[in-house]
Undergrad: 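This structure is in structure tokens; I'll ask about it shortly.
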Amino acid sequence: KVMREHIMGVHVGKWLESVLENQKANPDEKDPQFSLFTKAGLKTAKDVEAMYKAAHAEIRKDPTKSLPKKAKTAGAKSKKYNIKRLTLKERRDACKKKVAAIRKAK
């Protein structure tokens, strides 16, 4: 019985109920625990158990289910942070441009 309650999330539902009771007693305090559960309409241990049953049924139906693959966005560049090394000629040209810019400024 204890194992079944833990598998079906009854213990989570009981904790949810106690947190919600505490929130009713202290409405000014913000408690982020179970905020997604309350937005989804889960307020009792039976609601949580029903959610777990639905999840178990989906897993039994197709246990090999995986996450959908994300479509690559067109024109996206890879996130490579290693900069291409400049050749000797490119480095000397850049240096000449800097020196010319400094001389113009004077």
Side-chain angles (χ1 to χ4, degrees):
K1 181 180 177 181
V2 173
M3 293 300 285
R4 183 189 178 286
E5 286 183 355
H6 278 73
I7 291 171
M8 296 312 248
V10 176
H11 66 293
V12 177
K14 288 177 183 175
W15 177 247
L16 169 67
E17 288 175 351
S18 68
V19 167
L20 290 177
E21 286 175 15
N22 191 18
Q23 282 180 351
K24 286 178 186 175
N26 303 319
D28 296 335
E29 290 183 16
K30 290 220 171 200
D31 194 2
Q33 286 183 322
F34 299 111
S35 62
L36 294 177
F37 278 37
T38 53
K39 285 179 186 176
L42 302 172
K43 295 186 179 181
T44 64
K46 289 184 180 181
D47 293 340
V48 175
E49 186 176 2
M51 178 189 67
Y52 272 78
K53 280 184 182 178
H56 285 288
E58 287 293 318
I59 291 170
R60 281 190 206 100
K61 188 166 69 174
D62 186 14
T64 60
K65 192 172 188 178
S66 62
L67 295 174
K69 295 197 176 198
K70 293 182 181 178
K72 292 187 179 183
T73 52
K77 295 181 180 179
S78 66
K79 293 182 181 179
K80 288 192 176 179
Y81 299 105
N82 42 351
I83 299 168
K84 183 185 173 210
R85 187 171 176 176
L86 299 176
T87 63
L88 178 63
K89 185 176 187 286
E90 291 170 335
R91 289 195 306 265
R92 285 187 177 161
D93 290 342
C95 184
K96 286 178 185 177
K97 285 181 185 177
K98 287 179 185 178
V99 169
I102 291 172
R103 286 185 180 165
K104 277 187 182 179
K106 287 185 179 183

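Side-chain atoms are counted along with the backbone in the values below, which use heavy atoms only and exclude waters and symmetry mates. Here the structure is a predicted model, which means the values were calculated and not measured.
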Undergrad: Roughly how far, to the nearest 0.5 Å, is the CD atom of Glu90 from the CG atom of Leu88?
TA: 10.0 Å
Undergrad: So Lys24 and Glu21, salt bridge (Lys or Arg N to Asp or Glu O under 4.0 Å) or not? Walk me through it.
TA: CA-CA 5 Å; Lys24 286 178 186 175; Glu21 286 175 15; over 6 Å; no
Undergrad: Sequence neighbours left out, what passes side chain to side chain donor-acceptor pair (under 3.5 Å) with Ser18? Give chain and number order.
TA: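 By the side chain to side chain donor-acceptor pair (under 3.5 Å) rule, Ser18 matches no residue at all.
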Undergrad: Salt bridge (Lys or Arg N to Asp or Glu O under 4.0 Å): which pairs involve residues 91-106, sequence neighbours left out?
TA: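 Checked against salt bridge (Lys or Arg N to Asp or Glu O under 4.0 Å) - neighbours excluded - the pairs reaching residues 91-106 are Lys89-Asp93.
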Undergrad: Consider only side-chain heavy atoms of I, L, V, M, F, W and Y, link residues closer than 4.5 Å, and tell whether Met51 and Val19 are in one cluster.
TA: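 Met51 and Val19: one cluster.
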Undergrad: Given the rule in the side-chain contact (heavy atoms from CB on, under 4.5 Å) test, do Tyr52 and Val12 qualify, once you have shown the distances and angles that lead to the verdict?
TA: CA-CA 10 Å; Tyr52 272 78; Val12 177; 4.2 Å; yes
Undergrad: List the steps and the verdict of side-chain contact (heavy atoms from CB on, under 4.5 Å) for Glu17 and Thr44.
TA: CA-CA 6 Å; Glu17 288 175 351; Thr44 64; 3.5 Å; yes
Undergrad: Would a 4.5 Å heavy-atom cut-off, applied to side chains only, mark Lys14 and Val48 as touching?
TA: no
Undergrad: Any chance you could lay out the side-chain contact (heavy atoms from CB on, under 4.5 Å) test for Met8 and Glu49, step after step, and finish with the verdict?
TA: CA-CA 5 Å; Met8 296 312 248; Glu49 186 176 2; 3.9 Å; yes
Undergrad: Check whether any side-chain heavy atom of Leu16 lies under 4.5 Å from a side-chain heavy atom of Lys43, and answer yes or no.
TA: no
